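Quick note on labels: first sequence line is chain A, next is B, and so on, each numbered from 1. Computed from a predicted model, the values in this text were never measured in an experiment.
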Number of protein chains: 2
Amino acid sequence: MLERITNQKQIILNYLEKNKSHPSAEEVFLNVKKILPRISLATVYRNLEQFAQTGKILEINGATKRFDGDISDHQHFICNSCGTVYDIFCKFPSAKNFKNHNHKIGKIENYQILFYGTCKKCKK
Amino acid sequence: MLERITNQKQIILNYLEKNKSHPSAEEVFLNVKKILPRISLATVYRNLEQFAQTGKILEINGATKRFDGDISDHQHFICNSCGTVYDIFCKFPSAKNFKNHNHKIGKIENYQILFYGTCKKCKK
DNA sequence: TATCTAATTAGGAATAATTACTAATAATAA
DNA sequence: TTATTATTAGTAATTATTCCTAATTAGATA
């Protein structure tokens, strides 16, 4: 399916490119509404998803919370296709420097690395 | 407030420690229910949050989706207190090795590092 | 061991976040 | 222009999470 350029898309994308506040979908909606008063929230959600999938924007956080009883030092791989979360036990040397680092923004108390891709099960 | 040990807490924690599937709250609820048929979903949510805050378990993903129109190479710092998302432009040398790495689980197409802490505004 | 008290619980209502549906609209190809 | 079909507005439905309240119970104390 060919992708069409609409006014709504252009204004949403333009808002995100100019705005550095990492807005939620609701916040994008409220702000874009100032320019396009009749835009629908569903349109915002649909386009944000499309933009994220085509690499035009980044998606931070999101999805359902998941929990892990294993608190040892490891990271996670999330399959874009089936959503399964896998453990990654590889060590990342520079990662240790992250913890307790005093960044100008604040002290880093914790961090997690989320890897995305398609798992081998889904590749088949 | 002193923290009390309840049957519900023990069984939830025990389930998470034995289970490597990174379950959602709903999944924890359904499985713990097999042992405690009368447990409430709210109890599961409440305890999962408490466990995560006291470092007994890890919380993966979650929270409202946020979007960033800046797709340049950078990471994010999320304030545990006010939820604000900040950009972190520091370079992490080993990070470059992540992308396109063929892990046994699948090919890493993308990754993001989420840093958590309290931002300086909230520290005051 | 009985009693007290505050943390915790079950159950359900309420809210927040996201997705699905449908008829109308509009972008682009012919 | 016209035809085709992606996209949209508006809203309903669904999913995820939090809030509320009376009843229960863990653990401290008598």
### Query
So, E3(A) and K56(A), do they make that salt bridge, N to O below 4.0 Å?
yes
Spacing of [X] atom [atom1] relative to [N] atom [atom2], expressed in whole Å:
X: N61(B); N: dA16(D); atom1: CG; atom2: C1'; answer: 13 Å
X: I11(A); N: dT7(D); atom1: CD1; atom2: C1'; answer: 15 Å
X: I39(A); N: dA24(C); atom1: CD1; atom2: P; answer: 21 Å
X: L36(A); N: dT7(D); atom1: CG; atom2: P; answer: 17 Å
X: R46(B); N: dT21(D); atom1: CZ; atom2: P; answer: 15 Å
X: Q53(A); N: dT19(C); atom1: CD; atom2: P; answer: 11 Å
X: F29(B); N: dT9(C); atom1: CZ; atom2: P; answer: 14 Å
X: K9(B); N: dT8(C); atom1: NZ; atom2: C1'; answer: 7 Å

### Query
What residues form a salt bridge (Lys or Arg N to Asp or Glu O under 4.0 Å) with K65(B), not counting sequence neighbours?
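Expected list: E59(A).
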Interface polar pairs with nucleotides 25-30 of chain D, N/O, under 3.5 angstrom:
residue	atom	partner	partner atom	Å
dA26(D)	O3'	I5(B)	O	3.3
dA26(D)	N3	R4(B)	NH1	3.1
dG27(D)	OP1	I5(B)	N	3.1

### Query
Is the phosphate of dG10(D), meaning OP1 or OP2, less than 4.0 Å from a side-chain N or O of S40(A)?
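Indeed not, no polar side-chain atom of S40(A) lies that close.
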### Task
Kindly say if Q8(A) contacts the phosphate of dA9(D), meaning a side-chain N or O under 4.0 Å from OP1 or OP2.
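Q8(A) to dA9(D) OP1/OP2: side-chain N or O found under 4.0 Å.
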### Query
Is there a side-chain contact between I60(A) and L114(B), using heavy atoms and a 4.5 Å cut-off?
yes
### Task
Using a 4.5 Å cut-off on heavy atoms from C-beta on, say whether the side chain of I88(A) contacts that of F115(A).
yes
#### Entry: Side-chain cluster (under 4.5 Å, hydrophobic types only) that I5(A) belongs to, other residues
none
### Task
Starting from I35(A), walk the hydrophobic network (Ile, Leu, Val, Met, Phe, Trp, Tyr; side-chain heavy atoms closer than 4.5 Å) and list everyone else you reach, by chain and number.
I11(A), I12(A), L13(A), Y15(A), L16(A), V28(A), F29(A), L30(A), V32(A), L36(A), I39(A), L41(A), V44(A), Y45(A), L48(A), F51(A), I57(A), F67(B)
### Message
Please check: side-chain N/O of N14(B) versus main-chain N/O of Q10(B), any donor-acceptor pairing under 3.5 Å?
### Response
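Not confirmed, N14(B) side chain does not pair with Q10(B) backbone.
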Can you name the atoms? Protein N/O to nucleotides 17-19 of chain D N/O, anything below 3.5 Å, with the distance.
residue	atom	partner	partner atom	Å
dT17(D)	OP1	K65(A)	N	3.3
dT17(D)	OP2	Y45(B)	OH	2.8
dT17(D)	O5'	Y45(B)	OH	3.4

### Query
In terms of side-chain heavy atoms, does Y116(A) have a donor or acceptor partner in Q112(B) at a distance below 3.5 Å?
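Yes, Q112(B) and Y116(A) have a side-chain donor paired with an acceptor closer than 3.5 Å.
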### Query
Considering residues at least two apart in sequence or located in another chain, which fulfil the side chain to side chain contact (heavy atoms under 4.5 Å, CB included) criterion with H74(B)?
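If we apply the side chain to side chain contact (heavy atoms under 4.5 Å, CB included) test to H74(B), skipping adjacent residues, the hits are L58(A), D68(B), D70(B), S72(B), H76(B), D87(B), F89(B).
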